[in-house]
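Each residue takes its place number in the sequence, starting with 1. Everything quoted here is computed from the prediction, not taken from an experiment.
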Amino acid sequence: MTPAKLWLRIFLAGFAVVVAMLLVTLFTPVPYGDLSRIGRVSDHEFGWRRQPPPFPPEATLRAVSIDQADIVVIGDSFSMTYMWQSDLVQAGYKVTTIYWGQYSETMCGDLQAWLQRAGFRGKLVIFESVERLLKERLKKSTACEQMSKPFASRPAPLLPALSHTPPFELNSGATLISGLITWDHTRRAKKSQGDAVFDETQVRVVPDGCAQFSHRLCNKALFFDEDVKNGELDLQDFDRMVRFNASHVTTPFIWMVIPDKTTTYLDPNHSKAFMDAFRAARLGPDLYAMTAENRMKVQDLYFPNDTHLSMHGQRILGQRMLAAVREKLPTPPARSP
């Protein structure tokens, strides 16, 4: 064989491999769950199949300006669709939402004065935080004296809620090898008799998983490794929360601590000491009990391919938060014309 023919064969073989890898990537479903995207596992196996409940009216998925708000929500990604807040809006409360991430995960000692300077004349502040991030947020907030950025909310949700599973489209934005990696990770996840880890995504066996999730590989689900790595909330964190409340007496607070997905499905005693003290002090609704009660009743209470509550879970959360708000504000405050 001449050198020219040898190089031609090598070129054609390499070209065929590249084309094959490209085709695998193009026909790999575009990930729509944060954990399937991070771990590069297929949403064909881990994507939810139970469709969400009817969405609330579009008008209730809007926020008012700070000077019109009865309630300010300070939240994270669990609040970015405005879905649970819509239950408050439908009940007549005027709500605006900002996010921990806008302010370096920190709410400082002058928070209430800061809100008043921005125009807030309402009656309630709600702090929403997922369990795994609350420890760091409380540490920073109890050490901070002054807010450094101006108040900034937005009328529309930061993230749109998915009303249905996304239709198939070619995965043209992915890297050449991502399809092959996704195929390999998914194969290993299916083959494993126990748990597996891909980057920051854990594929873990869930007892009675198919009663709780709708995806094809429903005996397993995806979890975020930070649920474990970030540790438990403890009594020091509870003390920080109490001290933070004590330094702000102008407007009542409600704390909504959303349990990690791992806590809900695999480790219900995670952060137990904190939650026992939290319940006794009545600093907010018991969302650990809410998720424990509903995880076997509601399939896909959390998305199987994501860290977040599904829209089914968000609607349950909205009703629970409406009950908590009514304990503080039995009726929406009247506004002067």
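- At a threshold of 4.5 Å between non-hydrogen side-chain atoms, the residues Thr182 and His44 do not count as touching.
- In this structure, Arg137 pairs ionically with Glu105, as a charged nitrogen and a carboxylate oxygen lie closer than 4.0 Å.
- By the rule that hydrophobic residues join a cluster once side-chain heavy atoms approach within less than 4.5 Å of another member, Trp100 and Ile126 end up as members of separate clusters.
- Smallest separation of non-hydrogen atoms from Arg279 and Asp276: NH1-OD1, 3.1 Å.
- You'll find the side chain of Lys135 reaches within 4.5 Å of the side chain of Asp234, heavy atoms only.
- At least one donor-acceptor pair closer than 3.5 Å links the side chain of Tyr93 to the backbone N or O of Leu329.
- For the residue pair Gly39 and His185, the shortest heavy atom distance occurs at O-ND1, 2.8 Å.
- Thr262 and Asp260 are not linked by any side-chain donor-acceptor pair at a separation below 3.5 angstrom, with hydrogens and angles left out of the test.
- In terms of heavy-atom proximity, Ala189 sits nearest to Lys220 at O-NZ, 2.5 Å.
- Looking at heavy atoms from C-beta onward, Glu128 lies in side-chain contact with Asp76 at the 4.5 angstrom threshold.
- By the 4.5 Å heavy-atom criterion applied to side chains, Tyr82 and Val89 are not counted as neighbours.
- In this structure, Phe213 has its ring center closer than 6.0 angstrom to the ring center of Tyr265.
- Looking at Pro57 and Gln90, their side chains come closer than 4.5 Å, going by heavy atoms from C-beta outward.
- Other residues, nucleotides and ligands contribute more than 12 heavy atoms inside 6.0 Å of the NZ atom of Lys140.
- Contact check on Arg204 versus Asp267 returns no salt bridge, with no Lys/Arg side-chain nitrogen under 4.0 Å from an Asp/Glu carboxylate oxygen.
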Open item on the list: Show, in sequence, the C-alpha distance, side-chain angles and deciding distance for Thr250 and Gln116, and conclude whether the side chain to side chain contact (heavy atoms under 4.5 Å, CB included) test is met.
Closed with: CA-CA 10 Å; Thr250 305; Gln116 290 172 355; 3.1 Å; yes
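- Considering only heavy atoms from C-beta on, Ile74 comes within 4.5 Å of Leu111 through its side chain.
- A distance of 10.0 Å separates CH2 in Trp48 from CG in Asp306, rounded to the nearest 0.5 Å.
- Using a distance-only test at 3.5 Å, with no hydrogens or angles considered, a donor-acceptor pair links the side chain of Gln85 to the main chain of Ser79.
- The shortest heavy-atom contact between Met296 and Ala211 is CE-CB, 4.2 Å.
- Residue Phe238 holds its CZ atom at 12.0 Å from CG of Leu233, rounded to the nearest 0.5 Å.
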- [ ] Evaluate the side chain to side chain contact (heavy atoms under 4.5 Å, CB included) criterion for residues Arg216 and Arg49: first the C-alpha distance (whole Å), next the side-chain angles of each, then the deciding distance (0.1 Å), finally the verdict.
- [x] CA-CA 8 Å; Arg216 289 179 174 84; Arg49 296 189 293 170; 3.8 Å; yes
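- For Arg50 (side chain) and Gln299 (main-chain N/O), a donor-acceptor pair under 3.5 Å exists by modelled atom type.
- Checking Thr96 against Ser153 by side-chain atom types alone, a donor-acceptor pair falls below 3.5 Å.
- Summarising the geometry, atom CZ belonging to Phe253 is positioned 5.0 Å from atom CZ belonging to Phe244; distances are rounded to the nearest 0.5 Å.
- Across Pro52 and His312, no two heavy atoms sit closer than the pair CA-NE2, 3.6 Å.
- One hydrophobic cluster holds both Val73 and Met256 under the rule that ILVMFWY side chains link at heavy-atom gaps under 4.5 Å.
- Its side chain within the 4.5 Å cluster rule, Val203 clusters with Leu35, Ile38, Val41, Phe46, Phe198, Leu217, Leu222, Phe224 among the Ile, Leu, Val, Met, Phe, Trp and Tyr residues.
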TODO: Report the C-alpha separation of Gln212 and Leu301 in whole Å, then their side-chain angles, then the decisive distance to 0.1 Å, and conclude whether the side chain to side chain contact (heavy atoms under 4.5 Å, CB included) test is met.
DONE: CA-CA 8 Å; Gln212 299 171 80; Leu301 181 70; over 6 Å; no
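- Checking each of Thr201, Asp43, Asp300 against Asn305 for a side-chain hydrogen bond (donor to acceptor under 3.5 Å, both in side chains) leaves exactly one that passes, namely Asp43.
- Two different hydrophobic clusters hold Trp255 and Met290 under the rule that ILVMFWY side chains link at heavy-atom gaps under 4.5 Å.
- A donor and an acceptor atom, one from each side chain of Glu45 and Thr186, are nowhere located under 3.5 Å apart.
- In this structure, Val64 shares a hydrophobic cluster with no other residue, the cluster being traced through Ile, Leu, Val, Met, Phe, Trp and Tyr side chains under 4.5 angstrom apart.
- For the pair Arg187 and Asp184, the salt-bridge criterion is met [side-chain N within less than 4.0 Å of a carboxylate O].
- With hydrophobic clusters built from ILVMFWY side chains whose heavy atoms lie under 4.5 angstrom apart, Leu124 does not share a cluster with Phe127.
- In terms of heavy-atom proximity, Gln102 sits nearest to Ala152 at NE2-O, 2.8 Å.
- Proximity of a side-chain donor or acceptor of Asp286 to a complementary backbone N or O of Ala289 within less than 3.5 Å is detected.
- Contact annotation: the side chain of Met311 approaches that of Pro53 to within less than 4.5 Å [non-hydrogen atoms, C-beta and beyond].
- Test Phe78, Tyr302, Trp84 against His308 for ring-ring contact (aromatic ring centres under 6.0 Å, His included) and you get one pass: Phe78.
- Donor-acceptor pairing under 3.5 Å is recorded for the side chains of Gln319 and Asp87.
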- [ ] Let me see the working for Phe55 and Thr81 under side chain to side chain contact (heavy atoms under 4.5 Å, CB included), right down to the final yes or no.
- [x] CA-CA 11 Å; Phe55 275 33; Thr81 62; over 6 Å; no
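- Considering CE of Met275 and CG of Leu287, their distance stands at 7.0 Å, rounded to 0.5 Å.
- For the pair Lys123/Lys328, no side-chain contact is recorded, criterion being any heavy-atom separation below 4.5 Å from C-beta on.
- A single hydrophobic cluster is not seen to contain both Met321 and Leu134; linkage of ILVMFWY side chains at heavy-atom distances under 4.5 Å, directly or through other members, places them apart.
- For the atom pair CG of Asp110 and CD of Gln146, the computed distance is 5.5 Å after rounding to the nearest 0.5 Å.
- Under a 3.5 Å cut-off, the side chain of Arg117 and the backbone N or O of Phe151 do not form any donor-acceptor pair.
- Atom OG of residue Ser271 and atom CZ of residue Arg132 lie 12.0 Å apart, to the nearest 0.5 angstrom.
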